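These notes are about the structure you will find just below.
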Amino acid sequence: MADDRILIGFQMSSVSKETIELLLEDAQDPSLYEEVAKTNVNRPEILALLLENPDTPDEVLHFVSGILRVPAKKKTEIVRARKTSEERSESMLQKVQKLSVAERIHLALKGGKEVRTILLRDPNKEVSLTVLENPKITETEVELVARSRSISDEALRKITKKREWMKNYSITLALVTNPKTPPGIAIPLVSDLKTRDLSLLEKNKNVTEGIRATAKKLLRARRPH
């Protein structure tokens with residue numbers, strides 16, 4: 001199922017205009033513009049989005065204008081409505097909420113940081129889990145997910161399955177100290193914590209008794225005899 005979703009996500013030619021509009025609005029990777037252009041040469045409405053976007057790289061603008069047979073606009077001729085960061089976030093949230101589940105999954109796989117932040121809170125569990133498959137998600141974002149008390153158990157389990165993330169001490173600590181993390185996942189991670197964090201964990205009333213007891217046992221074992 002996960003592989004199917006990833007395959008669909010890379011079929012940019014079948015992604016809706018509304019989804020691509022959001023991808024471009026939150027784009028941080030210049031290669032995304034080229035990917036959108038080359039996979040949508042038969043969709044003038046998508047190419048027009050690139051022509052009207054002030055962040056579209058020059059070579060992509062020339063490529064698109066050649067296909068549409070219209071002169072490429074100069075950057076100074078492309079006007080973007082000015083919005084505060086709050087207005088931009090609100091506008092983006094409203095656009096995301098109008099998308100179908102399938103469109104939000106497309107967005108979760110390819111979206112930029114702001115889009116990912118919105119979709120991690122998506123009421124549909126499959127959408128929020130798909131964000132963790134986005135190749136651009138950073139370890140800082142994963143740590144925030146690991147600390148979240150509103151995230152699903154499945155998302156926390158998914159984090160522990162990626163070895164690269166579990167090498168990050170801050171992510172491990174976040175998982176162990178998050179009361180939402182199932183004890184079966186948290187307890188085996190306690191032994192990876194530094195002594196100073198074990199001391200804090202031993203007194204942490206937000207975690208289960210089993211986790212505190214494990215921390216206490218490890219502290220006793222680490223004390224010099």
Side-chain angles (χ1 to χ4, degrees), residues 1-124 126-138 140-142:
M1 182 64 187
D3 290 341
D4 289 342
R5 288 203 308 271
I6 291 171
L7 183 63
I8 292 169
F10 281 99
Q11 291 174 343
M12 193 69 82
S13 60
S14 64
V15 175
S16 71
K17 178 185 175 185
E18 291 74 15
T19 304
I20 290 179
E21 198 170 3
L22 275 163
L23 285 173
L24 295 176
E25 192 172 341
D26 194 31
Q28 290 153 348
D29 183 355
S31 67
L32 177 68
Y33 298 90
E34 183 178 357
E35 181 183 356
V36 170
K38 290 189 173 177
T39 54
N40 288 279
V41 292
N42 295 317
R43 298 174 72 189
E45 74 278 14
I46 301 298
L47 299 180
L49 289 177
L50 291 164
L51 273 185
E52 297 299 327
N53 190 316
D55 297 324
T56 302
D58 289 341
E59 60 273 23
V60 177
L61 278 178
H62 288 299
F63 175 76
V64 171
S65 64
I67 294 173
L68 293 178
R69 298 185 179 181
V70 296
K73 288 184 180 179
K74 295 178 180 177
K75 297 279 188 182
T76 52
E77 296 174 334
I78 304 174
V79 179
R80 170 180 279 167
R82 292 190 177 185
K83 296 177 183 175
T84 64
S85 59
E86 290 79 11
E87 288 171 339
R88 183 173 180 274
S89 297
E90 183 62 26
S91 168
M92 197 171 285
L93 175 62
Q94 289 172 354
K95 290 177 183 175
V96 169
Q97 289 172 333
K98 290 177 182 174
L99 300 180
S100 67
V101 170
E103 289 173 325
R104 299 205 301 280
I105 287 175
H106 289 153
L107 204 55
L109 279 169
K110 301 284 283 185
K113 186 174 184 299
E114 196 159 351
V115 160
R116 293 196 295 272
T117 301
I118 292 171
L119 294 179
L120 279 169
R121 299 193 297 266
D122 196 280
N124 185 292
E126 191 175 2
V127 173
S128 58
L129 286 174
T130 303
V131 176
L132 293 172
E133 297 172 22
N134 187 312
K136 301 293 185 187
I137 193 167
T138 66
T140 301
E141 290 175 81
V142 175

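These numbers come from the heavy atoms of this one structure, side chains and all, not from hydrogens, waters or symmetry mates. Being a predicted model, the structure only gives us computed values, none of them experimental.
- Looking at V60 and V36, their side chains never come closer than 4.5 Å, going by heavy atoms from C-beta outward.
- Contact annotation: the side chain of F63 never approaches that of E34 to less than 4.5 Å [non-hydrogen atoms, C-beta and beyond].
- Taking 4.0 Å as the cut-off between side-chain N and carboxylate O, K98 and E18 do not count as a salt-bridged pair.
- Looking at residues two or more places apart in sequence or on another chain, you find a side-chain contact (heavy atoms from CB on, under 4.5 Å) between S89 and E114.
- With values rounded to the nearest 0.5 angstrom, I67 atom CD1 is found 13.5 Å from R43 atom CZ.
- Side chains of L24 and D55 form no contact here, defined as non-hydrogen atoms less than 4.5 Å apart.
- Remark: A108 pairs with L119, T130, V131 by the side-chain contact (heavy atoms from CB on, under 4.5 Å) rule, at least two apart or across chains.
- Once rounded to the nearest 0.5 Å, the distance linking CG of L50 with OG of S65 reads 11.0 Å.
- A distance of 4.0 Å separates CZ in R104 from CG in D122, rounded to the nearest 0.5 Å.
- For the pair E35 and K110, the salt-bridge criterion is met [side-chain N within less than 4.0 Å of a carboxylate O].
- Heavy-atom contacts from other residues, nucleotides or ligands closer than 6.0 Å to CD of E103 number more than 12.
- Heavy-atom minimum distance, A48 versus L68: N-CD1, 4.3 Å.
- The pair E21-K17 does not count as a salt bridge, with every side-chain nitrogen at least 4.0 angstrom from each carboxylate oxygen.
- Heavy-atom contacts from other residues, nucleotides or ligands closer than 6.0 Å to NZ of K113 number 12 or fewer.
- In terms of heavy atoms, L47 sits closest to V41 at CD1-O, 3.8 Å.
- Under the side-chain contact (heavy atoms from CB on, under 4.5 Å) criterion, E59 pairs with P57, sequence neighbours left out.
- The distance from the CG atom of L23 to the CE atom of M12 is 5.5 Å, given to the nearest 0.5 Å.
- Put simply, OG1 on T56 and CG on N53 are 4.0 Å apart, with the number rounded to the nearest 0.5 Å.
- For the atom pair E126 CD and I105 CD1, the distance stands at 4.0 Å (nearest 0.5 Å).
- Within the 4.5 Å cutoff, the side chain of M92 has heavy atoms near those of the E25 side chain.
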